[in-house]
Number of protein chains: 2
Amino acid sequence: MTGRKRFGAASLLRIDMEELDKDHVDKILAQWRRERPELDVSAMGLLGRLARVRAHVAGEQEKIFSDHGLTSASFDVLATLRRSGPPFQLSPGELLAATMVTSGTMTNRIDQLEKAGLVERLDNPEDRRGVIIALTPEGLKRIDAAAAAHVTNQQRLVAGLEPAEREALNGLLRKFLATFE
Amino acid sequence: MTGRKRFGAASLLRIDMEELDKDHVDKILAQWRRERPELDVSAMGLLGRLARVRAHVAGEQEKIFSDHGLTSASFDVLATLRRSGPPFQLSPGELLAATMVTSGTMTNRIDQLEKAGLVERLDNPEDRRGVIIALTPEGLKRIDAAAAAHVTNQQRLVAGLEPAEREALNGLLRKFLATFE
DNA sequence: CGCAATTATCTTGACGTCAAGATATCTGGA
DNA sequence: TCCAGATATCTTGACGTCAAGATAATTGCG
């Protein structure tokens with residue numbers, strides 16, 4: 001918490017009103033403008049807030065995963081298998097395509113989940129180079145419970161925005177994302 | 001929904017006419033709605049896009065840091081020292097307060113930067129428990145060059161949004177961030 | 001003044017991730 | 001058929017991060 005009070009002593013002392021709405025990112029921008037006034041930092045506020053919001057959201061989400069004995073990494077894999085539908089089986093390559101990590105990372109994630117008894121590696125009858133990763137019954141129970149808690153928590157995390165704001169933010173992020181994907 | 005194939009790449013990656021306007025996140029939501037229709041996934045789209053956009057932005061920014069022999073971690077520390085103004089010195093605790101990492105992480109970051117000759121640890125004359133981290137002349141040159149390239153790159157990253165959209169997105173992220181800080 | 005609580009920084013050990021490369025298998029063209 | 005290139009997955013080694021706790025110095029209470 002770095003937050004300042006919106007209606008604290010500062011406003012009673014009539015300190016510049018604009019200062020009151022400055023957040024952590026605004027302070028960083030003000031420092032850059034003082035030290036390197038020739039730099040155009042107009043994009044830094046948006047991208048800095050994006051990074052900070054994402055860091056907070058990630059931390060809050062990990063708490064929920066931890067309650068269910070999972071990490072964001074293991075949740076990610078189990079959730080991908082779960083939402084693919086019965087029989088809850090995908091190849092490592094398919095999991096890779098869905099999760100923005102490298103093949104070595106996916107091997108490691110599967111290793112950990114296999115040790116925990118949440119997935120198993122099955123022979124791929126169509127390609128001896130490959131395997132099929134399957135949710136175990138325990139893995140299915142685990143991800144079903146974790147996913148329910150996760151979506152409830154996600155609603156809590158966005159509750160500070162009005163429905164119309166969420167809609168607007170979602171639309172802008174969709175367009176922004178489209179510039180990368 | 002038509003029958004799915006045994007091996008899921010087709011279902012995960014499929015593009016058909018009805019889905020041309022759907023992005024990766026929409027496809028994930030559609031899968032959840034099919035598999036767990038009782039879950040309210042209304043917040044997942046926004047938070048999923050936030051995570052993916054941030055991951056893309058982080059990757060693009062790291063390329064620039066790498067061009068200057070830095071990582072996002074080392075850039076973060078050097079930039080904090082640089083924008084604090086002359087004499088470009090802060091305590092590890094002050095760096096910690098500015099950078100959202102743990103003390104052990106900060107110790108490690110400073111160790112790496114010291115090895116690289118970009119910062120040095122000075123005795124803190126006011127508190128023998130502590131030290132002062134100072135940019136070296138080489139560190140100053142490095143961060144000044146990297147910061148200039150970084151802000152230019154940031155402008156490129158947001159160029160796919162119209163100025164009014166950037167403004168709106170920035171405002172919504174500001175409000176969202178305020179719910180955490 | 002003396003000592004317990006606090007503070008500042010560092011250490012340790014465990015993870016998760018990545019890049020680069022190894023291994024095994026498949027595939028298509030000659 | 002054969003084999004060179006492509007493909008699927010795993011291995012290795014180096015990092016960066018964190019949580020928990022250690023160490024040393026400072027502060028403030030009684």
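Every chain is numbered from 1 and lettered A, B, ... according to where its sequence line falls, protein lines coming before strand lines.
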Hey, does B:Asn124 reach any base, or is it just sugar-phosphate, or nothing, if we go heavy atoms under 4.0 Å? nothing
Can you see whether B:Gln154 engages B:His150 through a side-chain donor-acceptor pair at a distance of less than 3.5 angstrom? yes
Nearest-Å distance for atom pair CD1/C1', residues A:Ile110 and C:dG16: 14 Å
Would you say B:Arg121 reaches C:dC10's phosphate, i.e. side-chain N/O to OP1/OP2 under 4.0 Å? yes
Report the C-alpha distance between B:Leu118 and B:Leu70 in whole Å, list the side-chain angles of each, state the deciding distance to 0.1 Å, and finish with yes or no for side chain to side chain contact (heavy atoms under 4.5 Å, CB included). CA-CA 10 Å; B:Leu118 302 179; B:Leu70 300 174; 3.9 Å; yes
Please determine if A:Arg49 and A:Asp23 form a salt bridge, counting it only when a charged side-chain N lies under 4.0 Å from a carboxylate O. yes
Taking only the side-chain nitrogens and oxygens of B:Thr105, find out if one of them lies under 4.0 Å from OP1 or OP2 of D:dC18. yes
Please tell me which of A:Val101 and A:Asp127 maps to the more 5' nucleotide of DNA chain C, matching each residue to the nucleotide holding its nearest heavy atom. A:Val101
At less than 3.5 Å, do the side-chain atoms of B:Arg129 and the base atoms of C:dT9 form a donor-acceptor pair? no
A:Gly104 near the nucleic acid: base, sugar-phosphate alone, or nothing, with a heavy-atom cut-off under 4.0 Å? base
By nearest atom, which of the nucleotides C:dG16, C:dC26, D:dG16 is closest to the A:Arg128 side chain? C:dC26
What nucleotide, of D:dA19, C:dA19, D:dT26, holds the atom closest to the side chain of A:Thr102? C:dA19
For D:dC15, take OP1 and OP2 only and decide whether either is under 4.0 Å from a side-chain N or O of B:Arg109. no
Take atom CG of A:Leu96 and atom P of D:dT7, then tell me their distance rounded to the nearest Å. 14 Å
Residue A:Pro92, side-chain atoms from C-beta onward, closest of D:dT26, D:dC18, D:dC10: D:dC10
Just compare C:dT25, D:dT9, D:dG16 and give me whichever is closest to any side-chain atom of B:Gln112. D:dG16
Side-chain-base donor-acceptor pair under 3.5 Å for B:Ser103 and C:dC10: yes
Are any side-chain N or O atoms of A:Thr152 and backbone N or O atoms of A:Ala148, one a donor and one an acceptor, separated by less than 3.5 Å? yes
